[in-house]
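I have placed the structure first, in the form of structure tokens, so that the comments after it can refer back to it.
Side chains are part of it too, since the values below use all heavy atoms of this structure and drop only hydrogens, waters and symmetry mates. We name chains A, B, ... by the order of the sequence lines, and we start the count at 1 in each one.
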Protein chains: 2
Amino acid sequence: MDVSAPSTRDRIIAAAEYLFAERGFAETSLRLITSRAEVNLASVNYHFGSKKDLIQAVFDRFMDRLTVELADELASLRQQGGKPTAESVLTTFLRPLQALDQLEPNGASIFMRLLGRAYAETQGHLRRFVLEKYGHVLAEFTQSLMQAHPELPANELFWRLHFMLGSLVFAIGGSNALGEISAADFDEEVGLNDVVARLIPFLAGGFKAPVAR
Amino acid sequence: MDVSAPSTRDRIIAAAEYLFAERGFAETSLRLITSRAEVNLASVNYHFGSKKDLIQAVFDRFMDRLTVELADELASLRQQGGKPTAESVLTTFLRPLQALDQLEPNGASIFMRLLGRAYAETQGHLRRFVLEKYGHVLAEFTQSLMQAHPELPANELFWRLHFMLGSLVFAIGGSNALGEISAADFDEEVGLNDVVARLIPFLAGGFKAPVAR
DNA sequence: TGTACATCAGTGAACGCGCGTTCACTGATGTAC
DNA sequence: TGTACATCAGTGAACGCGCGTTCACTGATGTAC
């Protein structure tokens with residue numbers, strides 16, 4: 001078995017995904033990453049080529065994990081047959097997201113913040129990259145939502161999907177900060193699972209709403 | 001009457017708010033701002049003291065405009081009497097937001113992106129500043145929502161407010177990019193007013209949803 | 001009304017600093033014959 | 001099995017560059033007497 005210490009490459013990725021989510025891409029210097037990872041500064045460029053490529057690699061690792069599980073969930077939903085509900089389709093996305101938290105502490109929150117940052121990027125090269133590489137899984141997800149709400153026109157669904165994405169990025173990406181406020185104001189500890197449990201009826205209610213005339 | 005060219009200070013603010021929203025705080029250099037504004041580099045520090053203070057000033061100007069109008073809307077909603085609906089309360093916030101677009105091109109989108117960036121900030125000094133200075137208006141807004149949905153516990157309302165905020169930041173802040181996609185995919189021009197019209201039933205549906213057990 | 005001084009808005013050039021990247025180099029491991 | 005060479009992972013120091021900020025300065029306007 002392999003009990004060796006994590007490789008330099010893995011140490012860089014681990015430090016980078018934490019810092020990128022915490023501080024943003026531009027605000028995170030390679031020196032900060034390498035000193036957190038306790039590796040040589042030059043090793044980032046050795047392993048990844050450039051800072052830009054490192055960002056891509058970090059993002060890609062999350063997306064790979066997520067889309068595999070999302071595809072599984074969607075397949076088993078379809079296998080059940082019948083008309084799915086908004087709640088059940090949302091769960092196919094939220095369950096793999098929760099699984100990221102098992103994989104590493106705060107994994108879901110880190111990923112959502114990365115996703116938000118990727119969207120906020122001006123150039124949008126990450127956005128394009130996501131659609132090219134993972135577009136087919138996302139299209140499957142949209143398909144299932146359409147089955148749950150066949151009364152919604154495609155363009156209405158498009159907007160509602162983005163309203164949903166905004167809620168997810170904001171609430172799950174900021175769940176640490178929001179959870180602290182909640183703990184202080186309402187004497188209530190809030191974990192990812194609690195946020196997800198609150199999100200499902202809210203978002204499902206949104207999808208069920210009539211289209212504006 | 002004053003027909004003079006805008007002052008150096010105003011030129012800086014105008015250039016900065018555009019570039020901050022477009023590129024983010026860290027990615028926008030003072031040289032970029034001053035060359036866009038066609039003013040001297042040193043004048044930023046002369047008028048604002050530091051880059052950090054400029055960010056604060058830009059943000060503050062939007063918040064000032066918005067909260068005054070939001071307070072007006074809330075007052076006239078209360079004056080109508082009776083139990084408000086989720087839709088009417090949401091409108092008290094969305095109407096002032098739409099007014100920002102009249103004030104300058106893409107004003108609403110720029111402001112929402114600034115708000116998103118302010119929230120994403122690690123230090124959160126902007127977030128704290130917002131709550132201290134404008135907390136009373138936001139509390140009034142929350143009050144009205146509570147009247148519309150007295151069945152929602154305070155902590156549930158807290159989370160739903162942030163789900164809403166996420167949708168707004170994401171959809172309105174990204175309305176240019178999303179509008180372009182929509183125009184390409186659905187042959188449909190989408191302006192701020194269309195996005196708002198779609199948002200209201202979606203969010204109202206979310207607030208009306210039963211609380212998860 | 002005239003003079004002296006103070007304040008204000010703005011400028012041009014330079015400052016030190018942290019940044020991403022590069023480069024020549026080392027030592028360990030793998031491969032060919 | 002032994003030798004020669006190639007590849008790989010990693011290193012330390014330096015590179016030029018763009019950054020926010022500072023500073024001595026200018027010229028216009030305002031104020032006091």
Side-chain angles (χ1 to χ4, degrees), chain A residues 1-61 114 117-118 121-123 125-126 129, chain B residues 1-61 114 117-118 121-123 125-126 129:
Chain A
M1 69 200 120
D2 187 0
V3 290
S4 61
S7 70
T8 297
R9 197 176 186 283
D10 289 342
R11 300 178 63 83
I12 293 169
I13 288 252
E17 68 184 29
Y18 174 83
L19 289 167
F20 283 151
E22 196 69 21
R23 311 167 51 96
F25 301 128
E27 293 87 345
T28 302
S29 70
L30 294 186
R31 282 165 180 80
L32 201 60
I33 294 170
T34 53
S35 80
R36 185 183 168 89
E38 295 181 304
V39 300
N40 188 277
L41 168 63
S43 62
V44 173
N45 281 275
Y46 175 73
H47 283 289
F48 298 94
S50 69
K51 186 183 181 181
K52 203 171 177 175
D53 290 332
L54 172 61
I55 294 172
Q56 193 103 310
V58 166
F59 196 76
D60 219 16
R61 207 173 64 148
L114 287 175
R117 306 228 183 243
E121 249 202 318
T122 328
Q123 261 60 339
H125 87 274
L126 260 179
F129 161 80
Chain B
M1 71 201 116
D2 186 1
V3 290
S4 61
S7 69
T8 299
R9 196 175 187 283
D10 288 341
R11 300 177 61 83
I12 293 169
I13 288 252
E17 68 185 29
Y18 174 82
L19 290 167
F20 283 152
E22 196 70 19
R23 310 167 51 95
F25 301 127
E27 293 88 345
T28 302
S29 72
L30 295 185
R31 281 164 180 81
L32 200 61
I33 293 170
T34 54
S35 81
R36 185 182 168 91
E38 293 179 307
V39 300
N40 187 277
L41 167 63
S43 61
V44 174
N45 282 274
Y46 175 73
H47 283 289
F48 297 94
S50 69
K51 186 182 182 182
K52 202 171 177 174
D53 291 331
L54 172 61
I55 293 173
Q56 193 103 312
V58 167
F59 195 76
D60 219 16
R61 205 172 66 149
L114 288 175
R117 306 229 183 242
E121 250 203 317
T122 328
Q123 261 62 338
H125 86 274
L126 261 179
F129 161 82

ask   = Do the non-hydrogen side-chain atoms of A:Ile12 and A:Leu54 ever get within less than 4.5 Å of each other?
value = yes
query = Looking at side-chain heavy atoms only, is the closest gap between B:Thr8 and B:Tyr46 below 4.5 Å?
reply = no
inquiry  = Can you give me the first and the last nucleotide of DNA chain C (5' to 3') that has an atom within less than 4.0 angstrom of a non-hydrogen atom in chain B?
reply    = C:dC8 to C:dA14
inquiry  = Tell me which nucleotide, if any, is Watson-Crick or G-U wobble paired with D:dG18 when both distances must be under 3.5 Å.
reply    = C:dC17
query = Do any of residues 53-61 of chain A sit with a heavy atom less than 4.0 Å from DNA chain C, and if so which?
reply = none
ask   = Base, sugar-phosphate, or nothing: which does A:Thr34 touch, judged by heavy atoms less than 4.0 Å apart?
value = nothing
message = Is the shortest side-chain heavy-atom distance between A:Glu27 and A:Glu22 below 4.5 Å?
response = no
message = Could you tell me if the side chain of B:Ile33 sits less than 4.5 Å from the side chain of B:Phe20, heavy atoms only?
response = yes
inquiry  = Can a donor-acceptor pair be found, under 3.5 Å and without considering hydrogens, that links the side chain of A:Ser43 to the backbone of A:Val39?
reply    = no
Residue whose closest nucleotide on DNA chain C lies nearer the 5' end, A:Gly49 versus A:Glu27 = A:Glu27
inquiry  = Is it the case that the side chains of B:Asp53 and B:Ser50 hold a donor-acceptor pair, with the cut-off being a distance below 3.5 Å and no angle test?
reply    = yes
request  = Indicate, with a heavy-atom threshold strictly under 4.0 Å, whether B:Arg9 touches base, sugar-phosphate, or nothing.
outcome  = nothing
query = Would you say the side chain of A:Leu19 lies within less than 4.5 Å of the side chain of A:Phe25, judging by non-hydrogen atoms?
reply = no
message = Near DNA chain D, counting only heavy atoms under 4.0 Å, which residues of residues 38-45 of chain B show up?
response = B:Leu41, B:Ala42, B:Asn45
request  = Check whether any side-chain heavy atom of B:Thr34 lies under 4.5 Å from a side-chain heavy atom of B:Asn40, and answer yes or no.
outcome  = no
Paired nucleotide for D:dC8 [Watson-Crick or G-U wobble; both distances under 3.5 Å] = C:dG27
note = The salt bridge (charged side-chain N to carboxylate O under 4.0 Å, His left out) partner of B:Glu17 among B:Arg11, B:Arg36, B:Arg61 is B:Arg61
query = C:dT1 pairs with which nucleotide, Watson-Crick or G-U wobble, both distances below 3.5 Å?
reply = none
query = Can you check whether A:Val44 reaches A:Lys51 side chain to side chain, under 4.5 Å on heavy atoms?
reply = no
task = Find which nucleotide of DNA chain C each of B:His47 and B:Arg31 is nearest to by heavy atoms, and output the residue with the more 5' nucleotide.
result = B:His47
message = I'd like to know whether OH of B:Tyr18 has more than 12 heavy-atom contacts from other residues, nucleotides or ligands below 6.0 angstrom.
response = no
